[in-house]
Amino acid sequence: VDWGRLRFTMDEGSAKAVRVAFERLYRDGLAYRTEALINWCPGCRTSVSDLETIPTPETGTLWTIRYHLIDEATDEPSPTDAIAVATTRPETILGDTAVAVHPDDERYRSVVGRRVRIPFVERDVPIVADEAVDRSFGTGAVKITPAHDQNDYDLAKRHDLPMITVLDDAAAVSAAGNGYAGLDRYVARERIVADLAARGDLLDTRPHEMLIGRCQRSNDVIEPRLKTQWFVKTKPLAEAALAATRSRETRIVPERFEAVWEHWLTNIRDWNVSRQLWWGHRIPAWYCPDGHITVSAAEAGPSACEVCGRPASELVQESDIFDTWFSSGLWPFSTLGWPDQTDDLRTYYPTSVMETGHDILFFWVARMMMLGLHLTDAAPFHTVYLSGLIRDERGVRMSKTRGNSIDPLEVMAESGADAMRFALIHGASPGQDQRFGPQKLETGRNFANKLWNATRYVLGARPQSIPADAPRRAPEVAELGLVERWIRSRTASTVEAVDRAIADYQLAEVTRALYDGIWSEFCDWGLEMAKARLADTSLPDDAREATWWTLVESLDVFVRLLHPVMPHVTEALWTALPHAADDPELVIVARWPSPAGRDGLVESSVGEALELVRGIRNARADAGIAPGDWLPATVLAPEDLAPAVSDLGAIIQRLARVRPVQVVAAADEASGSARSAGLAVVTGRLEAIVEPPTQALAAGDRERLEKELATTEQRLAGARARLANAAFTQRAPAAVVDGARATEAELAAQAATLRDRLGRT
RNA sequence: GGGCGGCUAGCUCAGCUGGUUAGAGCACUUGCUUGACAUGCAAGAGGUCACUGGUUCGAGUCCAGUGUCGCCCACCA
């Protein structure tokens, strides 16, 4: 980590960016100050954004109350004519300025336009018709409190209704609430319900399931209120953000989040950016005694009111601060020195991939996109990679209050930073939550250990003929035997798999490819085969050297590939490995490997030999032959495979615990005599005849062959059925049909051999 | 009320644009002081791919619907 680039959103660099950004938005008409309905948290005594208001299910109460209609003749409430409305917040009666019904509602058609008297405040308000009213809910008539409800506010705007604020900063009833003034909202609620009942105007009381907006920070019940606040006009910004994703200038991974993105940005409301808190960037707006606004990005503030010219000394700065996401939204460029055209900005902006949890797609990513596009004319990144959330072992979302979150520092102390990193990446599918617990750390720890030991072995197996300080060299293909070429080819295949997975942002797949390539292939087979080569004293020095350099070369590749996942072990191993002259001192800056040395023919012929080794091991285990017993064996190979298998003789011996292996062309006369000698192992196109110790034997072995034959014939029947289907041979692609034919031929040959060994025809 | 995701081995999860016998880790069974590693090695057992129907020569994979768990968005007072 380059600690020289440490940044904090409260730095002066960031503070300057915030001021300049705000001034730009203000001059462009995208930042404005107005009185509007905002979410008010009475606990924090500040406004909060829509996103910070968490809808929480609760069982409340739905009260049905009666408002008396005004008798036109007397201008007084009629004792009998009334309209019933349903509400979950009776205390807001005090701020009612209308009752609304649906225009097509027959029940209320006659009363639209008449007035009702609001009790306690004794205010006469009109009955209006509006399509937003749901006829089927409650009584079909709704009381309108524009100053304390978003729906009512919108409706009031359409009907030009007055707005009366009846709750103060502490959510207590304000002076407008007459006799209830000063009471907490919930105390007032109880009183009002009781008083309505006493008047005979409470018609019904029933429990009601509903969603209550609560403050993300304090959990207090959010109260919508009218307040004068700063807003950012989001429509044009959101449109630009949408255009960027639609044109693929910015891509969201996984793609399905683009639908969510579209929906949110299409329906976005203006962003309330002012907060009545102390900790944060103060809004750089100044007010003069005449109410003029001056916005200035200058560190010292404006010198005079930009409208009337009053001197700075008579101006008062806004005491509100910005929503923290405002400064965070500038992060991609504020950290690089913006608004100055710094070298960093030119070099690193726009950046490439933004990685973050899908839970802050709106909070942060959307704001970075909107502000970035407007202020820098460029999307801040070309890709947004959304990770899932980390849950605990039982799948519960981690949180501090629940106490189930884990401290990464503790995990690292116990299992190591690399194990933790491996576990996290191993479980990372784009946008998909993952469970995390101690068990998952073991895999990474063991894997690190495996690579460590493999390297230890290789370093210790250096042929005497190579000086300890010899620079790393990549052996020429011509120097290599089958084993070495196989190792190179499989290593290249791992590079390809990792490259592919990275290009697709399939991080779990990256670790899987590495785990497989390093453990299941290189360690399990490559190293074991190489041991036979290194131990073979009949080989010339340079052949053994080539083997060793091949191993070193693969380790070198693996260390580079694995470095992003397990930086610490790989850095340590890098130090221990021999290096070429142009290798840097640290892997972190080393060149990324490119796949080289892929060889399909080598992979398949060695693969067949390894398959035979597996078959022999399998047969030995079934026959209950002690692992330590070395058995004589003959391998029967088709002509094209015979040279390769001969070449691998010593390896087959060692891995399958047989001795000495003699390879006979399957068509030869000699194969006949070998056949009578013992256990037949048939894998693919190869066969091994192993001579068991006399006591182990026959019945069990026959059973094994019968089983083999049964599965082979079952597969063969399947393959034939497919090929017999004219629709398949005609419609399937030629390559698939050819593959099926080859499979059929191989299975047929294998079945024939097995039948022969069982003495059948 | 809209939208999205999960449902594959006992557990946790991979399976990309449909194509031989559906994989891994952990757990489980059997054996192993195999000259790197018991944090290991070898061999094994374990799956009607939630359900129903459809498209196709062929479906875990595509389409429609159902169930179930979970998430996001939303102005039913």
Side-chain angles (χ1 to χ4, degrees), chain A residues 55 62 85-89 92 100 132-139 141-145 149-155 208 210-211 224 254 256-257 259-260 263-264 267 358-359 361-362 388-389 393 395 397 419 426-427 429 431-437 439-440 442-461 500-501 504 506 508-509 511-512 515-516 520 523-524 527-528 531 535 614 617-622 624 626-628 654-655 657 711-712 714-715 718-719 722 725-733 735-737 739-740 742-744 746-747:
Chain A
L62 185 66
V85 298
T87 182
T88 56
R89 293 192 301 161
T92 61
V133 178
D134 179 353
R135 277 175 280 184
S136 64
F137 186 88
T139 62
V142 58
K143 59 188 238 25
I144 301 298
T145 319
D149 183 277
Q150 187 66 53
N151 287 322
D152 296 1
Y153 177 81
D154 294 343
L155 189 143
H208 182 61
M210 53 193 212
L211 292 175
R256 62 185 151 84
F257 279 95
V260 186
H263 183 261
W264 192 77
N267 298 296
H358 64 73
D359 55 331
L361 179 61
F362 306 136
L389 272 37
E393 273 180 307
R397 188 172 170 162
H426 191 59
S429 261
Q432 205 64 48
D433 292 357
Q434 60 169 310
R435 299 187 189 198
F436 190 81
Q439 195 226 301
K440 309 234 164 170
E442 265 177 48
T443 309
R445 186 200 53 171
N446 295 353
F447 184 44
N449 184 253
K450 187 74 180 177
L451 182 64
W452 180 272
N453 278 303
T455 307
R456 206 172 62 145
Y457 163 73
V458 171
L459 293 177
R500 225 177 300 129
D504 289 345
Q506 301 286 346
E509 182 62 19
T511 59
R512 201 201 58 72
Y515 192 93
D516 255 27
S520 310
C523 291
D524 287 354
L527 278 187
E528 294 307 318
K531 278 178 188 172
R614 253 188 232 111
R617 284 172 174 172
N618 187 334
R620 292 178 55 123
D622 274 2
R654 186 188 174 102
L655 301 189
R657 291 251 149 178
T711 55
T712 306
Q714 199 182 341
R715 288 182 53 202
R722 264 178 105 202
N725 183 353
F728 172 68
T729 50
Q730 281 161 22
R731 299 199 189 177
V736 173
V737 177
T743 304
E744 189 221 354
E746 197 177 311
L747 288 170

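Remember, it's a predicted structure, so these values are computed and weren't measured experimentally. Every chain is numbered from 1 and lettered A, B, ... according to where its sequence line falls, protein lines coming before strand lines.
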Whole-Å gap separating [atom2] ([N]) and [atom1] ([X]):
X	N	atom1	atom2	value
Leu155(A)	A77(B)	CG	C1'	11 Å
Arg512(A)	C16(B)	CZ	P	12 Å
His263(A)	G2(B)	NE2	C1'	7 Å
His426(A)	G23(B)	NE2	P	17 Å
His358(A)	C73(B)	NE2	P	11 Å
Glu746(A)	U20(B)	CD	C1'	11 Å

Exercise. If the P atom of A9(B) is compared with that of C51(B), how far apart are they to the nearest Å?
Worked result: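 So the two P atoms sit 11 Å from each other.
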So do [Y] and [X] actually touch side chain to side chain, heavy atoms under 4.5 Å?
X	Y	value
Met210(A)	Leu62(A)	no
Thr729(A)	Arg722(A)	no
Arg89(A)	Thr145(A)	no

With sugar-phosphate meaning primed atoms plus P, OP1 and OP2, does [X] contact a base, only sugar-phosphate, or nothing at under 4.0 Å between heavy atoms?
X	answer
Ala732(A)	base
Lys143(A)	nothing
Asp504(A)	nothing
Leu747(A)	nothing
Leu459(A)	nothing
Arg722(A)	base
Asn618(A)	sugar-phosphate
Thr443(A)	sugar-phosphate
Gln730(A)	nothing
Tyr515(A)	sugar-phosphate
Pro733(A)	base

Pairs: protein N or O with nucleotides 3-11 of chain B N or O, under 3.5 Å:
from: G5(B); atom 1: O2'; to: Gln432(A); atom 2: NE2; distance (Å): 3.2

Return yes if some donor-acceptor pair links the side-chain N/O of [X] with the main-chain N/O of [Y] below 3.5 Å, else return no.
X	Y	result
Asn453(A)	Asn449(A)	yes
Arg617(A)	Leu655(A)	yes
Asp504(A)	Gln506(A)	no

Measure from the side-chain heavy atoms of [X] and tell me the nearest of [options].
X	options	answer
Asp524(A)	C41(B), G25(B), A77(B)	C41(B)
Met210(A)	A77(B), C72(B), A42(B)	A77(B)
Arg445(A)	A77(B), G31(B), U39(B)	U39(B)
Arg617(A)	C76(B), A36(B), A42(B)	A42(B)
Phe362(A)	C73(B), A42(B), G15(B)	C73(B)
Ala621(A)	G19(B), A36(B), A43(B)	A43(B)
Phe137(A)	A36(B), C41(B), A77(B)	A77(B)
Glu509(A)	A14(B), A36(B), A43(B)	A14(B)
Cys523(A)	A77(B), A36(B), A42(B)	A36(B)

For this session: Look at the side chain of Glu528(A) against the base of A36(B) and say whether a donor-acceptor pair falls under 3.5 Å; ignore hydrogens and angles.
Result: yes
Seminar exercise, completed: Between Glu442(A) and Gly718(A), the residue closer to the 5' end of RNA chain B by nearest nucleotide is Gly718(A)
Exercise. More 5' along RNA chain B: Ala454(A) or Trp264(A), using each one's nearest nucleotide?
Worked result: Ala454(A)
With both distances kept under 3.5 Å, what pairs with [N], Watson-Crick or G-U wobble?
N	answer
C62(B)	G54(B)
C4(B)	G70(B)
G46(B)	none
C41(B)	G31(B)
U20(B)	none

Exercise. Counting only heavy atoms not in Trp452(A), do more than 12 fall under 6.0 Å of its CH2?
Worked result: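 Counting neighbours around CH2 of Trp452(A), 12 or fewer heavy atoms of other residues, nucleotides or ligands fall under 6.0 Å, so no.
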Exercise. Going by the angle between their ring planes, with limits at 30° and 60°, are Phe362(A) and Trp264(A) parallel, tilted or perpendicular?
Worked result: parallel
Is the shortest side-chain N/O distance from [X] to OP1 or OP2 of [N] below 4.0 Å?
X	N	value
Ser429(A)	A14(B)	yes
Asn446(A)	G40(B)	yes
Lys450(A)	C41(B)	yes

Problem set entry | CA sep, side-chain torsions, deciding dist, call: Lys531(A), Tyr457(A), side chain to side chain contact (heavy atoms under 4.5 Å, CB included) | CA-CA 10 Å; Lys531(A) 278 178 188 172; Tyr457(A) 163 73; 3.0 Å; yes
For this session: Identify whether the distance between the nearest side-chain nitrogen and carboxylate oxygen of Arg512(A) and Asp516(A) falls below 4.0 Å.
Result: yes
